[in-house]
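Sequence lines set the chain letters: A, B, ... in the order given, protein chains first and strands last, and positions in each chain run from 1.
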Protein chains: 2
Amino acid sequence: MDIRTRLISTAEQLFDRHGFTATGMDRLTQAAGISSRTLYKHVGSKNGLMAAVLNERDRRFHRLVSGDSVDALFGALETWFAEEGARGCLFLRAWGETGGNVQEIAEAMARHKDRLRQRIEGIVVVEIGRPDDELAEAILLLFEGATHAATYRGGAAVDGARRAARRLIEGARTQGLSS
Amino acid sequence: MDIRTRLISTAEQLFDRHGFTATGMDRLTQAAGISSRTLYKHVGSKNGLMAAVLNERDRRFHRLVSGDSVDALFGALETWFAEEGARGCLFLRAWGETGGNVQEIAEAMARHKDRLRQRIEGIVVVEIGRPDDELAEAILLLFEGATHAATYRGGAAVDGARRAARRLIEGARTQGLSS
DNA sequence: GCATGTGTAAAATGATCGTTTTACACTCTC
DNA sequence: GAGAGTGTAAAACGATCATTTTACACATGC
């Protein structure tokens, strides 16, 4: 496995499990099996590593969430949590731990959330045949809610979000027919 | 103002704005205008301070969220964000930064989320005249979603959550009439 | 009038932080 | 076979971390 890939994926695990600030560079280099000199050659700084982790996670996330239905969307979330556990949105956590003051991290967060919103807008069009901002916003909120509520409610959160999304879609469909 | 109250409220602001781990004890004592000796006499440790902040925030939160309707619930959230800004759930953030390994913090988080769930179950009974676990779960998810999505979508997140909750309640009401 | 309690200021504790440096080994390629 | 590139190990950097200690000031109540 490529050295940079290994570094970023072990860093992602440690950051996710123990927090960003709480994870020191010694722990990172030791877990990745590389020297600190190599780490800094590759990512420049700890903030650079954090941003690289987030951008890689964003790619991975959108590879997984590639279906065209709400069932696929929340199914992907369920799979994600089953494999990696649920500890809240890593982008928001990074943003919060850095007080929103680190540009590369704030940008990675904003980019990720923009793409998520676009993904959901696409799903809405497939589900009800037309764009619907209010419905897309609701599904985004349910997705965000499930992501965080799953940390203390487990799989029930994802189930509940999927069911609520289905009901809202059903409502939007019949509303579209009657008007 | 009482010295302990002042300490906890300034600590809450600093933790919320800059993150828990990133906020050092020197900064805390300086901002609160007390010596480090006094701080440790009052809260024992940094983890103790974090737990005290969370428990005080929980009290304040439930004082604000005391209405009996979804409009009151999301109205309270709107007020909260307008006054203090939206940076995600401080309980989940504390839990995440400590890797879930600090007992007093994990307990404060669990207690807060339990109370929130009970609050919402009560609102559901008032709104539709009977308990409804699925509806309560959905509103909890919308609330959690709005709390976090407000960090990057602002007030639109709270609006969207309130509207979606209203639609789900309307659906549950007519369902109750037809069955 | 002397403990007791509660506060301050400031230094010291030892550990850990992110980052850089020094010195050295291996493998390519021209 | 010299030089460039990429890696390691390990020490050093100065700063900052959470916490404790020392020394002192000002109340309170018995």
Side-chain angles (χ1 to χ4, degrees), chain A residues 1-54 90 93-106 108, chain B residues 1-54 90 93-106 108:
Chain A
M1 193 199 269
D2 178 54
I3 217 173
R4 189 190 151 93
T5 308
R6 192 176 67 219
L7 165 61
I8 288 178
S9 96
T10 61
E12 183 181 357
Q13 284 187 45
L14 289 175
F15 286 155
D16 187 31
R17 278 191 233 277
H18 308 105
F20 291 89
T21 320
T23 303
M25 300 304 263
D26 284 6
R27 201 171 181 184
L28 283 164
T29 53
Q30 198 182 337
I34 63 173
S35 67
S36 68
R37 200 173 197 271
T38 304
L39 186 151
Y40 280 92
K41 278 273 161 69
H42 277 286
V43 293
S45 66
K46 191 182 189 182
N47 285 338
L49 175 58
M50 288 170 63
V53 163
L54 293 182
L90 198 64
R93 289 171 62 194
W95 181 83
E97 284 204 34
T98 54
N101 295 318
V102 180
Q103 204 191 17
E104 32 189 349
I105 291 171
Chain B
M1 193 199 272
D2 178 53
I3 217 173
R4 190 189 149 94
T5 308
R6 193 176 67 218
L7 165 62
I8 288 177
S9 96
T10 61
E12 183 181 356
Q13 284 187 46
L14 289 175
F15 285 155
D16 186 30
R17 278 191 234 275
H18 308 104
F20 291 88
T21 319
T23 303
M25 299 305 263
D26 284 6
R27 201 172 181 183
L28 283 164
T29 54
Q30 198 182 338
I34 62 174
S35 68
S36 68
R37 199 173 198 271
T38 304
L39 186 150
Y40 279 92
K41 280 271 160 73
H42 276 288
V43 294
S45 67
K46 191 181 188 181
N47 284 339
L49 175 59
M50 288 170 63
V53 163
L54 293 181
L90 199 63
R93 288 171 62 196
W95 182 84
E97 284 204 34
T98 53
N101 294 319
V102 180
Q103 204 192 17
E104 31 189 349
I105 291 171

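Remark: B:N47 engages B:S45, B:M50, B:V102, B:E104, B:I105 in a side-chain contact (heavy atoms from CB on, under 4.5 Å) (not counting sequence neighbours). Under the side-chain hydrogen bond (donor to acceptor under 3.5 Å, both in side chains) criterion, B:T10 pairs with no residue, sequence neighbours left out. Here A:S35 pairs with A:T38 under the side-chain hydrogen bond (donor to acceptor under 3.5 Å, both in side chains) rule; sequence neighbours left out. With sequence neighbours left out, the side-chain hydrogen bond (donor to acceptor under 3.5 Å, both in side chains) criterion links A:T21 to A:E97. Here A:N101 pairs with nothing under the side-chain contact (heavy atoms from CB on, under 4.5 Å) rule; sequence neighbours left out. Partners of A:E12 according to the salt bridge (charged side-chain N to carboxylate O under 4.0 Å, His left out) rule, which considers only residues two or more places apart in sequence or in another chain, are A:R57, A:R60. In terms of the side-chain contact (heavy atoms from CB on, under 4.5 Å) criterion, A:A22 has no residue partners (sequence neighbours excluded). For B:R17, the side-chain hydrogen bond (donor to acceptor under 3.5 Å, both in side chains) partners at least two apart in sequence or on another chain are B:Q13.
The stretch residues 13-40 of chain A touches DNA chain C through A:T23, A:G24, A:M25, A:S36, A:R37, A:Y40, each having a heavy atom under 4.0 angstrom from the strand. Contacts between residues 41-53 of chain A and DNA chain D, defined by a heavy-atom separation under 4.0 Å, are made by A:H42.
Protein atom CG of B:D2 is 12 Å distant from nucleotide atom P of C:dT6, rounded to whole Å.
For DNA chain C, runs of at least 3 consecutive pairs of the Watson-Crick or G-U wobble type, with both hydrogen-bonding distances under 3.5 angstrom, map to C:1-12 with D:19-30, C:14-17 with D:14-17, C:19-30 with D:1-12.
Listed by first and then second residue, the ring pair (Phe, Tyr, Trp, His ring centres under 6.0 Å) pairs that reach into residues 20-45 of chain A are A:F15-A:F20, sequence neighbours excluded.
With a 4.5 Å cut-off on side-chain heavy atoms, B:L49 and B:L7 count as touching.
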